[in-house]
Amino acid sequence: MKHQSVKQLLSTSPSNQNVCVKGWVRTRRGNKNVVFIAVNDGSTIHNIQVVADPNAFDENLIKRIQTGCSVSIQGKLVPSQGSGQPVEVQANEIHIYGEADPETYPLQKKGHSLEFLREIAHLRPRTNTFGAVFRIRHAMAFAIHQYFNDRGFYYLHTPIITGSDAEGAGAMFRVTTLDASAPPKKEDGTIDYDQDFFGRETNLTVSGQLEGELGALALGLIYTFGPTFRAENSNTARHLAEFWMIEPEMAFYELADNMDLVEDMLKYLVRYALDNCKDDLEFLNKMYDNELLQRLQSVVDHQFVRLPYTEAVEILKSSGQKFEYKVEWGTDLQSEHERYLVEKHFQKPVILFDYPKHIKAFYMKQNDDGKTVRAMDVLFPGIGEIVGGSQREEDYEKLLNRVKEMGIHEQSLWWYLETRKFGTVPHAGFGLGFERLILFITGMANIRDVIPFPRTPLNAEF
RNA sequence: UCCUCAGUAGCUCAGCUGGUUAGAGCACAUGACUGUUAAUCAUGGGGUCCCUGGUUCGAGCCCAGGCUGGGGAGCCA
């Protein structure tokens with residue numbers, strides 16, 4: 001008999017029809033006359049309740065049905081006599097695929113700390129919390145593609161392995177097939193990458209942006225959505241060595257268009273979660289963060305603040321707030337400053353723009369004041385920077401000067417620079433950290449709890 | 001990488017001023033219970049007190065070094 005998902009069964013009207021459910025047992029309880037088995041298959045946060053008459057089954061079989069074991073159960077779908085669920089399955093046949101010895105199975109029917117669950121990343125998807133988070137993660141990935149597709153953007157696959165070391169977005173992981181213990185050397189003693197797989201030094205990408213720009217300058221509107229790697233020794237609840245990033249890039253967009261797009265997109269995604277992930281969000285709201293739903297709704301309901309960096313500095317200086325780090329025009333804002341603006345002063349998302357040029361990347365469009373560039377960062381409550389973006393410098397001479405000023409090897413960027421030589425146009429784009437988005441949507445506090453298998457310094461076990 | 005806190009039963013934690021045989025709740029096992037909702041009640045088993053070294057008559061507790069984890073900071077998305 002073909003089985004149905006728990007999600008399907010829970011929304012089916014019961015009429016004693018025969019059904020089959022397959023999944024993992026969450027709890028078993030009962031007495032001599034009746035046994036209740038809560039089964040979950042990951043299709044929804046809710047379990048389906050299976051009711052069995054212990055006298056109709058082998059006593060040993062009932063005993064073996066324990067938390068974590070996998071089962072296939074056939075029975076009748078009936079209205080539930082209890083109050084906790086609309087329907088239940090009256091079991092006729094119970095088959096156990098695999099037992100889970102309660103003495104050694106780490107997930108028991110009790111609360112476990114998120115720290116403990118990180119140590120058993122192979123099993124934590126079976127918990128309510130991680131089931132909810134990963135279902136939401138899926139929904140957000142899907143919604144991102146939907147959002148862009150509906151608006152005429154093309155999904156561009158930019159390379160994971162890159163030969164460009166000039167992106168300036170952080171330390172990189174080397175990709176090589178050379179023998180690490182005895183690499184070939186040149187006469188001067190340095191490693192001879194001519195003999196490596198690509199005949200040059202290569203790394204895992206820290207951003208698809210530069211290639212994304214090449215796509216936008218042909219297809220008009222593109223986005224990337226792929227893995228990104230940073231070899232920084234970052235040990236925080238907001239950083240991963242391997243994470244996923246969404247990077248739209250738009251020809252003929254200026255900074256204001258960029259800000260319009262990012263605000264519209266983030267609101268679309270939050271609304272999508274509220275509309276499509278209700279059960280999972282309600283669970284997270286109840287168990288982890290009582291203000292989650294309210295905070296999500298508030299992002300949808302309010303306009304983001306748009307504030308030039310220079311005005312932000314003035315607000316911070318005249319705030320009367322004591323900061324550990326002094327606020328000074330020309331320095332990058334510290335976490336405490338960003339948090340003050342977002343969580344205290346405005347109490348809603350803030351887009352900061354027009355940053356001092358010397359604290360930003362070489363490719364950002366220079367303003368006429370000679371001091372600032374058309375950069376923007378989107379700051380979210382509790383997360384900090386969730387998006388970083390800018391209008392790009394489309395003037396060949398200005399871009400080249402900036403490359404030289406910042407000591408970047410211009411030869412390795414010849415292809416990027418050529419786009420400004422041939423048919424250059426104003427364009428803009430941004431990078432959205434996917435896991436930071438999921439942090440915000442789920443209310444989770446640690447980025448390691450919103451990606452199935454987190455990669456952080458000293459952690460690549462699973 | 002820096003600052004800071006922590007590491008005791010499968011999990012979450014308590015353990016007083018350094019003193020005999022290290023405790024609790026949950027989980028687990030056994031039993032009871034006619035419909036439960038992380039069922040309830042009773043009974044029971046369960047310990048490399050993170051590791052190494054030191055101080056002391058005596059260390060879970062004090063000291064040094066290390067390992068691991070949390071929180072904060074930096075780098076950023």
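Chain letters run A, B, ... following the sequence lines, proteins first and then strands; every chain starts at 1.
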Discussion item. Looking only at the side chain of A/Glu115 (C-beta and beyond, no hydrogens), which of the listed nucleotides B/rG69, B/rA73, B/rU34 gets closest?
Written reply: B/rG69

Worksheet item: Has A/Asn31 got a side-chain N or O lying under 4.0 Å from the OP1 or OP2 atom of B/rG35?
Response: yes

Worksheet item: Who are the side chain to side chain contact (heavy atoms under 4.5 Å, CB included) partners of A/Asp260, not counting sequence neighbours?
Response: A/Arg306

Worksheet item: Using a heavy-atom distance cut-off of less than 4.0 Å, which residues of residues 263-273 of chain A contact RNA chain B?
Response: none

Worksheet, complete the sentence: Quick note, ring-ring contact (aromatic ring centres under 6.0 Å, His included) partners involving residues 30-81 of chain A, not counting sequence neighbours, are none

Worksheet item: Between residues 52-72 of chain A and RNA chain B, which residues have a heavy-atom gap below 4.0 Å?
Response: A/Lys63, A/Gln66

Discussion item. Ignoring hydrogens and geometry beyond distance, is the side chain of A/Asn235 in donor-acceptor contact with the base of B/rU1 at under 3.5 Å?
Written reply: yes

Fill in: Residue that, paired with A/Phe434, satisfies ring-ring contact (aromatic ring centres under 6.0 Å, His included) out of A/Phe440, A/Phe225, A/Tyr223, A/Trp244
A/Phe225

Discussion item. By the 4.0 Å heavy-atom rule, please label A/Ser83 as base, sugar-phosphate, or nothing.
Written reply: base

Worksheet item: Is any N or O donor-acceptor pair between the side chain of A/Arg436 and the base of B/rC76 shorter than 3.5 Å?
Response: yes

Worksheet item: Would you say A/Arg238 reaches B/rA73's phosphate, i.e. side-chain N/O to OP1/OP2 under 4.0 Å?
Response: yes

Discussion item. Is there a side-chain contact between A/Asn459 and the phosphate of B/rG69, meaning an N or O under 4.0 Å from OP1 or OP2?
Written reply: no

Discussion item. On the nucleotide B/rG70, are OP1 or OP2 found under 4.0 Å from the side-chain N or O atoms that A/Arg448 carries?
Written reply: yes

Worksheet item: At under 4.0 Å between heavy atoms, what does A/Gly431 touch on the DNA or RNA strands: base, sugar-phosphate, or nothing?
Response: sugar-phosphate

Practice prompt. Please check the phosphate of B/rU12 (OP1 and OP2 only) for any side-chain N or O of A/Ser113 closer than 4.0 Å.
Written response: yes

Item to complete: Sequence neighbours left out, what pairs pass side-chain hydrogen bond (donor to acceptor under 3.5 Å, both in side chains) with at least one residue falling in residues 373-385 of chain A?
Response: A/Tyr355-A/Asp377, A/Lys360-A/Asp377, A/Asn367-A/Arg374, A/Arg374-A/Gln391

With the criterion being N/O to N/O and under 3.5 Å, what pairs connect the protein with nucleotides 43-48 of chain B, and how long is each?
none

